[in-house]
Amino acid sequence: MKLAHHSTFFIRSAITFTILFFALINSHSVFSAQAPKAGEEVSIKKMLDSKDKSQQNIEQVDNADEYNVPEDEFERGQPRSAIAGYLTALRSGDLTLATNYLDFRNLSDKTLAVGKEELARQLGVVLNRTLWVDLNSISALKEGRKNDNLPSYRELVGKVDYQGNNIDILLQRVPRAQDKVKIWKISNATVEKIPRLFKRYSYSPLGEFLAKKLPAVDLFGVMLWQWLYFILMLVLYYLVAKVFTWLVAFGIKRVYDKVSNDVLRFIKEPFALLIAVIVARNFHDEANVTIALRAVTEGGTLLIIAWCWVSFRFIDLMKTILAEKFIAQDKPLAVYLLRPAGTVLKIILFSIAALNWLENLGFNASTLLAGLGIGGLAIALAAQKTVENIIGAITLYTSAPIKIGNFCRFGNSLGVVEEIGLRATRIRTIDRSVIYVANAKFIDMNIENFSEREKMAFKPKIYLTPDTPKENIDALLVAIRDMLSGSDKLAATPLRSHFKAYTIYGLELDVFAYVNTTDFDVFLDEINQLNLNILSLLNEHDCKVQVIAERVGE
């Protein structure tokens, strides 16, 4: 039976570890995204910091007279406010407003045929997919940035990769139509290239349809249609993963019909979500991914949640398997240790996941981790004895040398174990007093557990006087052996009755047998009767017992 139990435990463990290993090697990275990149890398923290700094800089420019920025209805008097106005118009979905920030002079008929509003939208798509515009890097001076190896009337917004070459996205200082005041617009040289760039970086047909039909609402820079699109894709992948994991669970059940329902639920529930997230991250339509969306997915939020769920359920599954194992090994106390141990493991895993999540979002978790390390070291030094006692409790729970209710000898004391705590073990002595022994000290003691006896020994010390005749001793030993053999309360073997040795105390007899009981009261009743029977046999065979005190006194 034990062999079968260990085989079951091994198979369950092998199944669960194989599942986790398969998921791990197919997720590239447990807590970070590794999707193909079409643009530069931007984190959530960088987006938030850039937004705050840009807002502060724009407010400072608005209140600063030394910049001498010309007044303009669309705030195009400086490069920074011009590109900021264009991006704001795009986010609000006002393409008519966005056209005021593009220079449509001297464009080809083919480009103009696209339409001004459509050109403004297409440029927005290209920028969303390839370039994170950091307003802090754009000049706030009305003349633009100097000494940048560009003509004085141009300002570089960024570079976009196109067939292995970098194409500059430029602002250009142009005369305003009505009064010839110099303002900044997106250069007509850049506008001319928009159709080619859009052909390379346009959304998929479904993405284009959703982008045009749904409201221009965004969260963390991700448009509403993108949230809906990728949530829908994730749901579809999850349904496919559910079908796959159900088939896997069904196959395992057919091959190994004794597999527990806990293992099957683990495969069909948390593992299905993990597969769905991994597949969604590796097989999504890259054409619909923007830099802002990539920054959100770089956090790996769903992947971390999926892995945490899998890890937590795996811990619960192992707790169930180990509980059955400990009960089968008659170690019920170890089961109580599984819950706090599982909680500690979950806290550790959650902390690691949280730190990785913050790192993925762009926040520096190293400082926090260093602070936790120093604090943890101080706590560890202060709680050294406590940790030793907890380890002692773990040893007592797992190895189970004693159990609650056991009567044992520890050191020079006797008592019944009443509680095995995380810090100390409580023992009730024969005198009804209570002793608390620290677990770290208790496990180093020599512990004699009387409750573990399957039977109790009867071994009276009998010394006869030296002048006892041989014939009497022979008859007495035979009679004692017959008396022991005739008792149904004694084990069949051993039943010893011998003349053991000559000693200074007298002629020592060796009488030994086991009483078939673990109840101490039953044992006392039985040996009481055995002692009376032996006393009767001593009198019957004229064998006098040597009084040791008298013999020593002589």
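The chain is numbered in sequence order, starting from 1.
Every residue meeting the side-chain hydrogen bond (donor to acceptor under 3.5 Å, both in side chains) condition with Arg265, not counting sequence neighbours, appears here in chain and number order: Asp262. The side-chain contact (heavy atoms from CB on, under 4.5 Å) search around Tyr162 returns Ile167, Arg196, Leu197, Arg200, not counting sequence neighbours. Applying the ring-ring contact (aromatic ring centres under 6.0 Å, His included) criterion to Tyr203, with sequence neighbours excluded, gives Trp225. Considering only residues two or more places apart in sequence or on other chains, Trp309 meets the ring-ring contact (aromatic ring centres under 6.0 Å, His included) condition with none of them. Taking Phe312 as the reference, Lys346, Leu349, Phe350 meet the side-chain contact (heavy atoms from CB on, under 4.5 Å) condition, with sequence neighbours excluded. Under the salt bridge (charged side-chain N to carboxylate O under 4.0 Å, His left out) criterion, Lys193 pairs with no residue, sequence neighbours left out. Every residue two or more places apart in sequence or in another chain that forms a side-chain hydrogen bond (donor to acceptor under 3.5 Å, both in side chains) with Arg176 is listed here: Asp72, Asp179. Residues satisfying the side-chain hydrogen bond (donor to acceptor under 3.5 Å, both in side chains) criterion with Arg121, sequence neighbours excluded, are Glu118, Glu208. When the side-chain hydrogen bond (donor to acceptor under 3.5 Å, both in side chains) test is applied to Ser108, the partners found at least two apart in sequence or on another chain are Thr111, Glu192.
Pairs engaging residues 304-315 under the salt bridge (Lys or Arg N to Asp or Glu O under 4.0 Å) rule: Glu269-Arg313 [sequence neighbours left out]. Sorted by first then second residue, the salt bridge (Lys or Arg N to Asp or Glu O under 4.0 Å) pairs that include residues 180-191, not counting sequence neighbours, number zero.
With hydrogens and angles ignored, the 3.5 Å screen pairs a side-chain donor or acceptor of Tyr101 with a backbone N or O of Phe74. Side-chain N or O atoms of Arg145 include none that pairs as donor or acceptor with a backbone N or O of Leu150 at under 3.5 Å. For Glu75 (side chain) and Gly85 (main-chain N/O), no donor-acceptor pair under 3.5 Å exists by modelled atom type.
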Table please: side-chain donor-acceptor pairs of residues 238-251 below 3.5 Å, with sequence neighbours left out.
| from | atom 1 | to | atom 2 | distance (Å) |
| --- | --- | --- | --- | --- |
| Lys242 | NZ | Lys268 | O | 2.9 |
| Thr245 | OG1 | Ala241 | O | 2.9 |
| Thr245 | OG1 | Lys242 | O | 3.1 |

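For the residue pair Glu117 / Thr96, a side-chain donor-acceptor distance below 3.5 Å is found, with atom types taken as modelled.
Counting heavy atoms from C-beta outward, Ile83 and Trp184 have side chains that stay 4.5 Å or more apart.
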